[in-house]
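Residues: numbered from 1 along the sequence shown. These numbers come from a predicted model, not from an experiment. Atoms within each ligand, like the ligands themselves, are counted from 1 in listed order. Only this structure's heavy atoms are used, side chains among them; waters, hydrogens and symmetry mates stay out.
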Amino acid sequence: MEEAQKQEICVDERLQHIAFIMDGNGRWAKKRGMPREYGHAVGAKTFERVTRFCGDIGISTVTVYAFSTENWRRPQHEVRAIMKIFGEYLNTARKKADENRVHVVFIGDMSIFPENIREQMRTVDVETAQYPTTLNIAVNYGGRDEIVHAVNALLDEGKTHVTEEEISSRLYTAHSPMPDLIVRTGGELRLSNFLLWQSAYAEFYFCDTLWPDMGEAEIRAAVESFYQRKRRFGGV
Ligand code: FPP
């Protein structure tokens, strides 16, 4: 991307964290007479392009919703295809993280994955922890599950009464600031169990663009829209 263009949408401390609900892969593929799996493969490329671009314009934390606790209900062949794409990404994640100087963190209930995959995810996380920006990849993630997990962790520690701060500190995203902007592609106007706790004061940007078509122009529009909002966090 041109340097001059990049500077045009430089962000400041008001926009540190953008989270994406990457919706529309299946419809994008169907429109082209292709199987839904093809949409996910192209969507994975879009994920890499979009997250790199966000880093380029100065976003310090990006979170993506790659696979929800509910997505297992999809047909087996589709789940298998997404897991294959995810596995391929995982194999190259360290190299890509080094190139982009990004700390890659996998968030969600990892207990469902085999130990070798969990180990691979932990290794990428630990070995990229020195980088200045963060990419949270939500897999087997559910917002309600995350809150239950946080509360249970506190109960296990012997707490009988919990505070908001304590719950926040046990979320899968405890290492990240709360999202400033949540972007959902694909035309649906809902959160689908994504970052339920963290989204309390987030701004939302919904667009019809299907995820594989997501690009710089739409991100620019989302960022511009964000800067037109007045965030009051419950005040006046
Ligand atoms: C939603 O589109 C997309 C998903 C449930 C899967 C997202 C997965 C990827 C982008 C690829 C893997 C990611 C990584 C991190 C390598 P949809 O299938 O619900 O689309 P539809 O609404 O058109 O049916």
Lys/Arg N to Asp/Glu carboxylate O, [X] vs [Y], below 4.0 Å:
| X | Y | answer |
| --- | --- | --- |
| R14 | E203 | no |
| E224 | R220 | no |
| R52 | D56 | no |
| E115 | R122 | yes |

| message | For Y201 and F233, take the angle between the two ring planes, folded into 0 to 90°, and tell me which bin it lands in: parallel under 30, tilted 30 to 60, perpendicular over 60. | response |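 Ring orientation, 0 to 90° scale: tilted.
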
| Counterpart residues, side-chain contact (heavy atoms from CB on, under 4.5 Å), relative to E166 (two or more places apart) |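 Result, side-chain contact (heavy atoms from CB on, under 4.5 Å) vs E166: L154, K159, V162, T163.
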
| request: Can you tell me which residues line ligand 1 if we count any heavy atom under 4.0 angstrom from one of its atoms, in chain and number order? | output: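 These residues qualify: M22, D23, G24, N25, G26, R27, R36, H40, G43, A44, F47, A66, N71, R74, I85, Y89, I137.
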
